[in-house]
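Numbers here are sequence positions counted from 1.
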Amino acid sequence: MEKNSEGLDASDRAILQLLQEDAFLTTKEMAARLNLTTTPVFERVKRLEREGYIARYTALLDRRKIGLSMLVFCDVALKEHNRDFLLRFEESVVGLPEVMECHHITGEYDYMLKVAVRDMDGYQHFIKEKLAALENIGRVQSHFVMTEVKNSTVLPVG
């Protein structure tokens with residue numbers, strides 16, 4: 001089979017696609033869908049794990065069912081931009097459980113946070129008591145999600 005620039009052939013990509021859609025699939029089920037035998041599928045999955053293509057397996061929760069009905073994208077500008085300030089901010093934000101994602105971005109703001117909270121009071125508490133308590137915070141702009149049109153963790157591998 002021909003491999004692409006990432007070192008993945010069609011079977012590898014198909015396995016990754018299947019596992020992204022349902023990580024509970026057994027080796028036997030994947031083998032049947034791919035018209036392969038179980039041993040090569042098992043070996044490929046182990047290699048993909050070992051080589052880091054599969055970073056981890058996790059359960060995706062419905063945030064609304066666990067009471068986190070408000071989703072906010074929060075842009076953060078820092079006052080100072082030297083390496084130590086950036087690293088301290090990143091280390092601090094990793095410890096905030098409300099922050100689902102943190103991205104260092106270009107443009108007017110330095111970071112974009114994806115924040116899940118129960119409601120507006122929860123978000124206000126997050127801003128006042130947690131985010132604003134971090135050193136070097138300059139400006140914060142919030143974008144409240146009205147409708148989630150698409151929310152996927154599946155990456156295109158084909």
Side-chain angles (χ1 to χ4, degrees), residues 2-25 30 44-158:
E2 186 177 320
K3 294 192 176 210
N4 65 9
S5 62
E6 290 85 31
L8 300 174
D9 64 21
S11 292
D12 291 335
R13 290 190 301 276
I15 288 168
L16 291 173
Q17 187 68 38
L18 288 172
L19 286 174
Q20 285 188 98
E21 293 168 4
D22 184 358
F24 281 123
L25 285 175
M30 284 189 285
R44 283 172 179 270
V45 170
K46 291 301 172 195
R47 179 180 50 78
L48 292 166
E49 291 170 349
R50 191 173 52 252
E51 293 177 0
Y53 289 98
I54 299 171
R56 69 177 181 262
Y57 296 94
T58 186
L60 299 176
L61 306 182
D62 182 326
R63 67 178 169 75
R64 287 180 187 90
K65 289 193 184 235
I66 61 169
L68 301 174
S69 60
M70 181 169 278
L71 187 62
V72 184
F73 288 93
C74 179
D75 297 328
V76 178
L78 301 181
K79 294 178 190 172
E80 299 286 331
H81 295 93
N82 72 45
R83 183 178 186 275
D84 289 339
F85 281 121
L86 296 173
L87 291 175
R88 281 203 297 273
F89 174 80
E90 290 172 6
E91 289 169 5
S92 297
V93 82
V94 165
L96 300 175
E98 298 88 347
V99 178
M100 299 175 63
E101 297 176 17
C102 174
H103 303 275
H104 191 183
I105 59 173
T106 63
E108 189 176 340
Y109 290 89
D110 301 305
Y111 291 91
M112 179 184 289
L113 310 179
K114 181 178 178 182
V115 178
V117 290
R118 291 191 179 280
D119 52 23
M120 186 59 78
D121 289 339
Y123 187 66
Q124 183 178 12
H125 180 266
F126 168 77
I127 292 293
K128 284 173 56 177
E129 303 300 325
K130 295 186 177 185
L131 193 62
L134 301 180
E135 69 173 313
N136 199 34
I137 298 294
R139 290 176 297 134
V140 174
Q141 181 171 335
S142 303
H143 308 273
F144 297 93
V145 174
M146 297 189 313
T147 305
E148 258 183 313
V149 176
K150 180 178 181 181
N151 180 357
S152 176
T153 62
V154 177
L155 297 170
V157 292

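S152 contributes a side-chain N or O that, together with a main-chain N or O of V154, makes up a donor-acceptor pair within less than 3.5 Å. R64 contributes no side-chain N or O that, together with a main-chain N or O of S69, makes up a donor-acceptor pair within less than 3.5 Å. In terms of modelled atom types and a separation under 3.5 Å, the side chain of N136 and the main chain of E80 share a donor-acceptor contact. Checked by atom type and distance alone, the side chain of Q141 never pairs as donor or acceptor with a backbone atom of C74 at under 3.5 Å.
The CG atom of L61 sits 9.5 Å away from the CG atom of L68 when rounded to the nearest 0.5 Å. In this structure, M112 CE and I105 CD1 are separated by 4.5 Å, a value rounded to the nearest 0.5 Å. Remark: I54 CD1 to L16 CG distance equals 5.5 Å, nearest 0.5 Å. Within the model, atoms CZ of F85 and CG of L134 stand 12.5 Å from one another, a figure rounded to the nearest 0.5 Å.
One finds a salt bridge joining D12 and R47 here, because a Lys/Arg side-chain nitrogen approaches an Asp/Glu carboxylate oxygen to under 4.0 Å. R44 and E51 are not joined by a salt bridge, as no carboxylate oxygen comes within less than 4.0 angstrom of a charged side-chain nitrogen. Taking 4.0 Å as the cut-off between side-chain N and carboxylate O, K79 and E135 do not count as a salt-bridged pair. Electrostatic pairing of E49 and K46 counts as a salt bridge here, judged by a charged N lying under 4.0 Å from a carboxylate O.
Under the 4.5 Å side-chain criterion, counting only non-hydrogen atoms from C-beta, Q20 is in contact with V157. Side-chain atoms of L71 and R63, non-hydrogen and from C-beta on, do get closer than 4.5 Å to each other. Contact check for D119 versus M70: no side-chain heavy atoms found under the 4.5 Å cut-off. T153 has its side chain within reach of L60: a pair of non-hydrogen atoms, C-beta onward, lies under 4.5 Å apart. In this structure, Y111 and L86 have side chains that are in contact, with non-hydrogen atoms separated by less than 4.5 Å.
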Criterion side-chain contact (heavy atoms from CB on, under 4.5 Å) on V76 and L78, from CA distance to verdict: CA-CA 7 Å; V76 178; L78 301 181; 4.1 Å; yes
Worked verdict on D75 versus H143 for side-chain contact (heavy atoms from CB on, under 4.5 Å): CA-CA 8 Å; D75 297 328; H143 308 273; 2.7 Å; yes
Candidate pair E101 and L113, rule side-chain contact (heavy atoms from CB on, under 4.5 Å), full reasoning: CA-CA 6 Å; E101 297 176 17; L113 310 179; over 6 Å; no
Trace of the side-chain contact (heavy atoms from CB on, under 4.5 Å) decision for H125 with K130: CA-CA 7 Å; H125 180 266; K130 295 186 177 185; 4.3 Å; yes
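Within 6.0 Å of atom OH in Y57, more than 12 heavy atoms from other residues, nucleotides or ligands are found, so the atom counts as buried in its surroundings.
Across D9 and S11, no two heavy atoms sit closer than the pair OD1-N, 3.0 Å. The two residues Q17 and L155 come nearest to each other via the heavy atoms OE1-O, 4.0 Å. When all heavy atoms of Y109 and A77 are compared, the pair lying nearest together is CD2-N, 3.6 Å. Shown here for V93 and C102, the closest heavy-atom pair between the two residues is CG1-SG, 3.6 Å. Contact detail for R118 and I66: the closest heavy-atom pair is NH1-O, 3.8 Å. Nearest heavy-atom pair across R13 and L8 is NH1-O, 2.7 Å.
Side chains of H104 and D110: a donor-acceptor N/O pair is absent below 3.5 angstrom, by distance only. Side-chain polar atoms of E98 and Y123 form no donor-acceptor pair below 3.5 angstrom.
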